[in-house]
Student: 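Take this structure first; my questions come after.
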Amino acid sequence: MQLRYRVLVILLFSITSLVCAQQKKLPNIVILATGGTIAGAAESGTSAGYTSGQVGVQTMIDAVPGIKDIANVTGEQIANVGSQDMSIKIWLDLAHKINELLATDAVDGIVITHGTDTQEETAYFLNLVVKSDKPVVTTGSMRPSTAVSAEGPLNLYNAVAVAANKKAKGRGVMIVMNDQIHSPQAATKTNTTSVQTFLSPMQGMLGAVLYGQLEFYRMPHNIHTTKSEFSVKGVKELPRVDVIFGAADMNPDLIDLSVKAGAKGIVIAGVGNGNMNAASLEACKKAIDKGIVVVRSTRVPTGYVLRNGEVNDDKYGTIASDELNAQKSRVLLMLALMKKHTAAEIQEIFYNY
Ligand code: ASP
């Protein structure tokens with residue numbers, strides 16, 4: 001071979017090896033898809049009506065320009081439901097799958113695509129049962145994939161960027177939506193239709209992510225992932241916990257019915273500082289006497305539920321939810337009820353998680 005051809009071949013070989021080496025250096029991120037509006041489809045780009053969970057994971061990945069430049073991305077379909085149909089079975093499937101994947105060197109981070117309705121619950125649950133400090137990120141969208149200005153692709157791009165970033169390690173499970181990074185312990189869905197729906201009203205967001213560039217402002221301050229005492233290894237179901245919404249002149253019958261139906265725990269989304277009328281408090285007391293754990297949370301969007309505020313928790317045996325809203329109190333109580341605890345221990349759990 002002539003010298004110049006030999007040089008050309010060597011040059012091409014070196015460039016190819018360099019490109020391959022760089023590709024190999026990209027973090028390996030697995031996207032676990034569960035459905036939601038991000039996978040939703042409508043008849044037209046401006047139609048208000050649509051169906052969640054219509055589009056598969058590969059179609060979602062293919063709709064994100066540049067995603068393959070920031071990570072080696074692979075997708076797996078775990079479910080394809082609107083998150084109003086999210087189930088404990090899917091939570092457990094996700095937890096088992098994530099723990100299995102993150103235990104290997106082949107996976108550096110996980111992204112879960114999920115409807116926004118119950119995303120904070122799934123993310124909070126995983127935050128308590130994932131046994132790894134590698135990044136786990138949930139994301140979704142408020143507009144279906146077929147909408148004019150669908151925001152799902154950018155949310156997915158940003159979620160992958162966060163999961164692929166070393167700075168995200170050790171921060172527990174994170175919700176990435178609309179350029180913001182939130183801790184599920186602090187975050188909640190606050191708007192039924194706006195793309196700016198997740199807020200962390202008491203603690204503020206963890207960080208920001210703009211077109212894949214990210215900055216963290218703080219660490220989550222509650223216990224999560226590797227430090228969490230909760231494990232769902234080998235677990236196939238969780239104890240039943242019901243949420244009962246408080247209101248003026250609320251009827252205590254629902255509390256009695258919940259007990260009859262076999263609930264092991266009840267969360268009251270109480271009025272104000274976790275309050276309820278006298279009749280409901282008495283029904284809670286009866287439930288507690290039967291061994292059911294009752295947590296006082298609140299229907300108010302921000303603030304703490306204080307122990308022994310207007311309700312004497314010491315006398316009634318109720319637990320104050322501290323900062324957790326009712327839906328996340330339910331998640332924590334289901335996990336806490338997997339083992340026998342005293343009321344004082346469960347109260348401590350609510351302070352710590
Ligand atoms: N109902 C939808 C869901 O949670 C809403 C959304 O994804 O934004 O799946």
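Order of listing sets the numbers, starting from 1, for every ligand and every atom in it. This structure is a prediction, so every number in the text was calculated from the model and none was measured.
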Student: Kindly compute the distance separating CG (Asn325) from CZ (Arg330), expressed to the nearest 0.5 Å.
Tutor: 12.0 Å
Student: Provide the number and element of each atom of ligand 1 under 4.0 Å from a heavy atom of Ser141.
Tutor: 6 (C), 7 (O), 8 (O)
Student: Suppose we measure from atom 8 (O) of ligand 1 to each protein heavy atom; which comes out shortest, and what is that distance?
Tutor: Thr116 OG1, 2.5 Å
Student: In this structure, does ligand 1 have an atom that sits under 4.0 Å from one of the heavy atoms of Gly140?
Tutor: no
Student: Does one hydrophobic cluster hold both Phe125 and Val111, with members joined at side-chain heavy-atom distances below 4.5 Å?
Tutor: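 No: no chain of side-chain contacts under 4.5 Å links Phe125 to Val111.
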Student: Tell me the protein heavy atom at minimum distance from atom 2 (C) of ligand 1, and give that distance in Å.
Tutor: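 Ranked first by proximity to atom 2 (C) of ligand 1 is Thr37 OG1, 3.4 Å.
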Student: With a 4.5 Å heavy-atom cut-off, do Val294 and Tyr316 have their side chains touching?
Tutor: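 Not in contact.
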Student: Please tell me if the side chains of Val271 and Arg299 come closer than 4.5 Å, counting only heavy atoms from C-beta onward.
Tutor: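 With C-beta onward as the side chain, the pair touches.
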Student: Identify, for atom 1 (N) of ligand 1, the protein heavy atom at the shortest distance, and state residue, atom and that distance.
Tutor: Asp117 OD2, 2.7 Å
Student: How far is atom 9 (O) of ligand 1 from its nearest protein heavy atom, and which residue and atom name does that atom have?
Tutor: Ser83 N, 2.6 Å
Student: Give me the ring orientation class for Tyr353 and Phe230: parallel if the planes are under 30° apart, tilted from 30 to 60°, perpendicular past 60°.
Tutor: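 Aromatic pair Tyr353/Phe230 classed tilted.
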Student: Using a strict 4.0 Å cut-off to heavy atoms of Ser52, name the atoms of ligand 1 that fall inside it.
Tutor: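 The atoms of ligand 1 under 4.0 Å from a heavy atom of Ser52 are 2 (C), 9 (O).
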Student: Which pair of non-hydrogen atoms, one from Arg171 and one from Pro220, has the smallest distance, and what is that distance?
Tutor: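 Closest approach of Arg171 to Pro220, heavy atoms only: O-CG, 3.3 Å.
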Student: Which atoms from ligand 1 have a heavy atom of Gly82 less than 4.0 Å away?
Tutor: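 Heavy-atom distances to Gly82 below 4.0 Å select 9 (O).
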Student: Pull out every atom of ligand 1 sitting under 4.0 Å from any heavy atom of Gln84, numbered as shown with elements.
Tutor: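 Selected atoms, number and element: 1 (N), 2 (C), 3 (C), 4 (O), 9 (O).
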Student: Are there over 12 heavy-atom neighbours, none belonging to Lys227, within less than 6.0 Å of that residue's NZ?
Tutor: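 At most 12 heavy atoms, drawn from other residues, nucleotides or ligands, come within 6.0 Å of this atom.
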